[in-house]
Amino acid sequence: MELQKTPTSLVFGVNGERFELSHVDPSTTLLHFLRSRTRFKSVKLGCGEGGCGACVVLISRYDPVLEQVEDFTASSCLTLLCSIHGCSITTSEGIGNSKEGFHPIHQRFAGFHATQCGFCTPGMCVSLFGTLVNAEKTDRADPPDGFSKVTVSEAEKAIAGNLCRCTGYRPIADVCKSFAADVDMEDLGFNSFWRKGENKDLKISRFPRCDRNQLKSRFPMFLKEIKHDLFLASEKHSWHRPTCLTELQSLLRLNNSNGARIKIVVSNTGMGYYKDKEGYDKYIDLRGISELSKIRKDRTGIEIGAAVTISKAIEALRKDIRSDLLSDYVMILEKIADHMSKVASGFIRNTASVGGNLVMAQRNNFPSDIAVILLAVDAKVHIMTGAQFEWLTLEEFLERSALGLESVLLSIKIPSLELNQSESSKPRGSFLFETYRASPRPLGNALPYLNAAFLVKVSPCKDSGGTVIDTCRLSFGAYGSKHAIRAKKVEELLAGKLLSSSALYDAVNLITATIVSQDDNAITAYRSSLAAGFIFQFFNPLIDSSERIGNGYLNGNNNHPFAEDFELKVSEKKVPHDKIPTLLTSGKQVLEACCEYHPVGEPIVKSGAALHASGEAVFVDDIPSPSNCLHGAYIYSAKPLARVRSIKLTPELQLDGVRDIISSKDIPNGGENIGSKTIFGIEPLFAEEKARCVGDRLAFVVADTQKVADMAANSAVVDYDTENLEPPILSVEDAVERSSFFEVPPFLDPKHVGDISKGMAEADHKILSAEMKLGSQYYFYMETQTALAVPDEDNCITVYSSSQCPESIHSTIARCLGIPENNVRVITRRVGGGFGGKAIKSIPVAATCALAAHKLQRPVRIYLNRKTDMIMAGGRHPIKITYSVGFRNDGKITALELQILVNAGIYVDVSAIMPHNIVFALKKYDWGALAFDVKVCRTNHPSRSAMRGPGEVQGSFIAEAILENVAATLSMDVDSVRSINLHTHKSLQSFYEKSSGEPYEYTLPSIWSKLAVSSNYDQRTKMVKEFNRINTWKKRGISRVPVVIQLTLRPTPGKVSIFSDGSVVVEVGGIELGQGLWTKVKQMAAYGLSAIQCEGTEGLFDKVRVVQSDSVSLIQGGFTAGSTTSESSCEAVRISCNILVERLKPLREKLQEKMGSINWDTLIIQANLQAVNLSASALYTPSNDSTSYLNYGAAVSEVEIDLLNGETRCLQTDIIYDCGQSLNPAVDLGQIEGAFVQGLGFFMLEEYETNLDGLVLQDSTWNYKIPTLDTIPMQFNIQILNSGHHQHRVLSSKASGEPPLLLAASIHCATRAAVKEARKQLLSWSNQDGEDSTFQLGVPATMPVVKELCGLHIVQTYLKWKMSNK
């Protein structure tokens, strides 16, 4: 029957355009189709795992029965193209664009300064649009004009699953909230729509209006007629969408007989976790079978079809919530729904099915939250195997051996509660249900360390007033255990018991022995501790309130006081979960615009911001592939040190689209094996005989598509040989032992300060040879490394690269290919996030493409997949520090001596700058005398490279950690130790000889005291103390931290040209990475040219366009790094403008004499006619006075830690930062917030570790967690200090890109303060007085790190103490 079926066509719409395809490879994703076969490029590939939100689209599907359209956001990187038959797709260009007009979402993203590099912005816009569209369908009251029906809380959560590495999220949250009907306009942060102090109505009138008609679904008529059964077949593959179970059975039967490779799909989201390693012959889409998509409710329970999406299930489970106090069963369903809403993120839940999640848990041991919560409520599953149908408990289902392909999960049933209440005199039992989840991100989009769910039936004990546990089901799931389990021994221990501290103590001890994960011992103890915390959190409140009753509630007035108390305890547990309040409270942004150099100094909207939002801004991978284009992927070493004997591809792939394997052997005669070069040394493009680190480039597979290239590279078989090789160097200790160091040039060797032995002799106390370590951090630019090389005539080549240093790429390619530099052209328009990772590390990527294109004489492009990028990136330098410090009784440091070992990896890259940068950041305090020995170690790890604030982040933190240790040793308040060690201008001069500036420029002392006032520091310190006194399980800490950082300017070129119509084009050496360089340059060009003093120059800003960097058009471009490229590019433009003004002045004077007045356009027309040269370029070279300067800032952060799971929440951060006279305060504000949040990631969240071979362990969005909206400070206050004139600065400005990142150490220090309080309390429970405050809090201070310091056995210690004090 099956074979007779006639193939149909796949029909769908994209932004209203119709597409009909008869031949489709079923493995094609929607993202791949949109990016390669349509003109819509706003959907970006950020991770390919559904973990970042860059590829989000809105999918609209028509239901002919209900005659309504369902709209939902989805990850297009996981959505298979064949699954969108009959659907309409909307991308950010479809919401609005530059041709048809931008949508208010786009306009508000621009106006709230909520985009920087712009790579993630279109996905954010679609996520928000989807939320607004669905809010419109609710039956809520109509909102005031200009708003939508969405609530503030929903609006914020709209982007909870979207990642952004640039902005710090606060302005993005403001954009979302600005659409909410219930928003307080005062809560919205700095924007370009209104001025401070304007009234609410005026503010609303200035907004780009939200037209609610634009939020109505525009579903194309041509899709309403489409039949939904789909069958696509080609020679190799077929896609089936059966409409009933019998059809499915026959398909599976047929498969059994012919042995085809089959994939059963609902939405394919599982591919985000389990990547396809092979192709499939047959895809079977289960969504056509209506039984699998139904939800049925009756008195026996609720049955959810296996193909029902998690979002739909959540909706169904919440349907019955009406009253405040709910029936037990409805309460349970609501809590299940609440927990489910923390699984993945919205755009995954909208498509991922409940059944698929459980099948992955059963078949692949996926750490499923849903399995855990359903196990606790004794869910049943309905399974079809062949023609057999059976019901199993979920427990039986999980225990079975992995399901075969012939078995299909049909539905899941949550049974209703059996309330067998017999004797009427017996008080009624009650069901209590809770779920728990300890995860690095509160709102989901992160797998949990541990999750649990408890269903317990309790009843009051008549005699004692206590609580009796009748029955209980306790389920736990561990990331690392095979699947969700029930803690049956604990259930047996508690069943029938009267709840007491001793019973709870026994249960806690038993559960810690039960939760032992099968791998990764480091985290096992943490998981056991979490399990103890969950059990304690659930049962302890049921014990404690009976104590309250025993303390004076019994006045004899009540007949059943115990029963009443029992009802009180139970009802407290039944109130619906707190709806998460809004994530962020209002922050304050205090900026001063400077009008002296109009339009420089004004908070002008970022150049191209609306194009970022609509997705029309072109990144390298958005450039359409030239015809005949090939795609490449790296084969890299899996060994840290080995000879490479041979590289072979799996035979079946060699036939299918692989065109060549490029290696060092393909470098042409006269060329060099050079991948990158710096003033410190060279890195080879490919390993020649030996691979020297994991991730070393061995070869480059070139194929017809990126997918084939990636699959070929992944399946390559490399034959290694390690015989007679010395063991690799895989730690800094090994490097010291084997004297494996890179040389540091003398000009970068920092000088010691003062006499160290004299300083030590003056000390009252010493800490000797204390040690600490700092780990690495991955860049996590949203756009991975990418390049496109196009061969040209006469041995020339053009390369498009996402790079911070096109000039270096230019010269490297010329040397690699053995051609003159004038044969090479490198173009960079914009970069989707850099942070130092697109500097030296981008060079070999571009050179590889150039080499392949040169050899094959075809265009070649590469877009590294996220895993390869993470393995090869290197990232921030890990370092080991040993220090000895001498100090007086008052906390004043007299001497500091350090030995620092920097792990630089295998090639030098720019690691030789590290000693200088570390020491210069350390110098922010007056150490009396300072001596150090910094060694740059060469190890067999991938080379580390510069990452935002390289060395400075580490140096600044080392200083803070030393002061924390000194304060702890003296039992002093660390803030006063900081204050006493701040520089005077005199000491500043001895530590920073060449850059200390004039006394009035040293603004740190005034910032330090201003911040204490504006952040209410003293009052809040008292409040924190009081909070800690009255709270047992939560502790707070507050910390104030300064930053002093030396910045250096480099020579930078600029070129300004004026066209005959008066419009202006500007080129600069600096690259737009999201830091607003183009915007500042435009402002400077408008300011510089306005010096001609004729009419019409006030509108010059809008006439200026900054164009892409082109290494042929503007040479000596240098590199964009170190925070100062914006100001040096601006100065180069100002000099160029001055040249043009001087050329135009005589003509202007002549014309003014003749005509009385002259406007800009006429002046330029006349200049053209009279052959005035209207193009000028300049190379700005800073003078000795202006090469380097110091910048200052300070931050206060307050955090709250949860002692039961180690979670840290940042409640508030206040920053004051000196920008000199900011060139654009809006841009600088974004830089400050974004840098700070990236620092928060380094200090609190981001683990980037390697195994014993040096292979990166965190290689995906699943296990590398950058900050998200729910992890940033809840209140974020920034003041940009306008610190007046600085004659050696560019228009008195100062940089803002990197220094604020260092201030995030304030969160780490505040966390340490909170942990100190927790440890003090723990000691008091063990009847030990005093405090153990000289502990070290690791970096990053993740949940397991914080929890371990607060006490892994804190619950047991507390219960023991409680029992002994009764």
Side-chain angles (χ1 to χ4, degrees), residues 13-17 34-35 38-44 54-58 89-129 132 166-167 171-172 175 178-179 191-193 206-211 213-215 218 604-624 782-783 800 827-832 1059 1061-1066 1072 1074 1076-1079 1081-1083 1086 1099-1108 1226-1227:
V14 180
N15 297 333
E17 288 183 24
L34 289 171
R35 292 194 58 76
T38 76
R39 58 194 170 83
F40 304 114
K41 296 287 167 63
S42 66
V43 279
K44 305 287 188 235
C55 69
V56 170
V57 295
L58 185 75
I89 307 299
T90 307
T91 68
S92 197
E93 300 104 324
I95 300 172
N97 52 62
S98 55
K99 303 275 185 297
E100 292 153 22
F102 293 113
H103 191 277
I105 290 176
H106 301 146
Q107 293 166 323
R108 293 191 194 183
F109 260 91
F112 274 97
H113 312 286
T115 168
Q116 285 185 27
C117 85
F119 195 83
C120 68
T121 315
M124 298 263 184
C125 291
V126 176
S127 288
L128 174 57
F129 182 68
L132 298 182
C166 297
T167 62
I172 300 173
V175 171
S178 74
F179 286 92
N191 61 70
S192 66
F193 301 118
R206 293 192 193 279
F207 257 156
R209 203 172 150 278
C210 171
D211 178 357
N213 290 324
Q214 288 181 310
L215 302 176
R218 294 163 288 185
I604 286 172
V605 167
K606 193 167 182 305
S607 173
L611 290 175
H612 286 168
S614 69
E616 295 167 278
V618 177
F619 293 86
V620 171
D621 199 52
D622 299 333
I623 299 168
M782 294 301 295
E783 168 203 48
Y800 299 88
I827 294 173
T828 301
R829 183 176 291 184
R830 57 172 63 80
V831 172
F1059 289 106
D1061 64 352
S1063 63
V1064 180
V1065 71
V1066 179
E1072 176 59 68
L1077 183 144
W1078 279 9
T1079 314
V1081 162
K1082 269 183 81 166
Q1083 287 171 275
L1100 267 180
F1101 178 80
D1102 294 325
K1103 288 180 182 273
V1104 178
R1105 179 180 293 280
V1106 186
V1107 294
Q1108 61 199 19
V1227 164

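In this text the structure is predicted, and so the values were computed from the model without any measurement.
For the pair Lys44 and Asp622, the salt-bridge criterion is met [side-chain N within less than 4.0 Å of a carboxylate O]. A salt bridge links Lys606 and Glu1072; the closest N-O separation between the charged side-chain nitrogens and carboxylate oxygens is under 4.0 Å. Between Arg39 and Glu616 there is no salt bridge, since none of the side-chain N atoms of the basic residue sits less than 4.0 Å from a carboxylate O of the acidic one.
With hydrogens and angles left out, the side-chain atoms of Ser614 and Ser92 include no donor and acceptor closer than 3.5 Å.
Residue Phe1101 comes nearest to Ile604 through the heavy atom pair CZ-CG2, 3.5 Å, listed as atom of the first residue, atom of the second, then distance. Ala613 and Thr121 make their closest contact through CA-CG2, 3.7 Å (heavy atoms, listed as atom of the first residue, atom of the second, distance). Of all the heavy atoms in Gly832 and Phe119, the pair that sits closest is CA-CB, 4.1 Å. Arg209 and Pro104 get closest at one heavy-atom pair: O-CG, 3.0 Å. When every heavy atom of Leu1100 is checked against every heavy atom of Ala1086, the shortest pair comes out as CD1-O, 3.9 Å. For Thr167 against Gln116, the heavy-atom pair with the smallest separation is CA-NE2, 3.5 Å.
A distance-only check finds a donor-acceptor pair linking the side chain of Ser127 to the backbone of Gly123 [under 3.5 Å]. Distance alone, capped at 3.5 Å, places no donor-acceptor pair between the Gln107 side chain and the Gly111 backbone. The backbone N or O of Ser42 sits less than 3.5 Å from a side-chain atom of Glu93, completing a donor-acceptor pair. Listed for the Arg108 side chain is no donor-acceptor partner under 3.5 Å among the backbone atoms of Val175. Proximity of a side-chain donor or acceptor of Arg829 to a complementary backbone N or O of Phe619 within less than 3.5 Å is not detected.
Asn97 contributes atom CG, which lies 7.0 Å from atom CZ of Phe102 (distance to the nearest 0.5 angstrom). Taking CZ from Phe179 and CG from Leu128, the interatomic distance works out to 5.5 Å, rounded to the nearest 0.5 Å. Separation of atoms CZ (Phe193) and CZ (Arg206) is listed at 11.5 Å; rounding is to 0.5 Å. Atom CD in Glu783 sits 12.0 Å away from atom SG in Cys120 (nearest 0.5 Å). For the atom pair CG of Asn213 and CZ of Arg218, the computed distance is 10.5 Å after rounding to the nearest 0.5 Å.
Taking 4.5 Å as the limit, some side-chain heavy atom of Asp621 sits within range of a side-chain heavy atom of Arg35.
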Query raised in the report: side chain to side chain contact (heavy atoms under 4.5 Å, CB included) between Thr828 and Tyr800: does it pass, once the steps are laid out?
Result: CA-CA 6 Å; Thr828 301; Tyr800 299 88; over 6 Å; no
Requested in this report: Begin from the C-alpha positions of Val57 and Leu34 and carry the test side chain to side chain contact (heavy atoms under 4.5 Å, CB included) through to its verdict.
Outcome: CA-CA 10 Å; Val57 295; Leu34 289 171; 4.1 Å; yes
Report task. Walk me through it: do Val618 and Ile623 pass the test side chain to side chain contact (heavy atoms under 4.5 Å, CB included)? Result -> CA-CA 7 Å; Val618 177; Ile623 299 168; 4.0 Å; yes
Requested in this report: Mind running salt bridge (charged side-chain N to carboxylate O under 4.0 Å, His left out) on Lys1103 and Asp1061 for me, showing each step along the way?
Outcome: CA-CA 10 Å; Lys1103 288 180 182 273; Asp1061 64 352; over 6 Å; no
Report task. Evaluate the side chain to side chain contact (heavy atoms under 4.5 Å, CB included) criterion for residues Val1227 and His113: first the C-alpha distance (whole Å), next the side-chain angles of each, then the deciding distance (0.1 Å), finally the verdict. Result -> CA-CA 7 Å; Val1227 164; His113 312 286; over 6 Å; no
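You'll find the ring centres of Phe109 and His612 outside the 6.0 Å limit.
Under a cut-off of 6.0 angstrom, the local environment of CZ in Arg1105 is sparse, with at most 12 non-hydrogen atoms contributed by other residues, nucleotides or ligands.
Note on ring orientation: taking the six-membered ring where Trp is involved, the planes of Phe112 and Phe207 are tilted (angle from 30° to 60°).
Applying the side chain to side chain contact (heavy atoms under 4.5 Å, CB included) test between Thr91 and each of Leu58, Val43, Thr38 identifies Val43 as the sole match.
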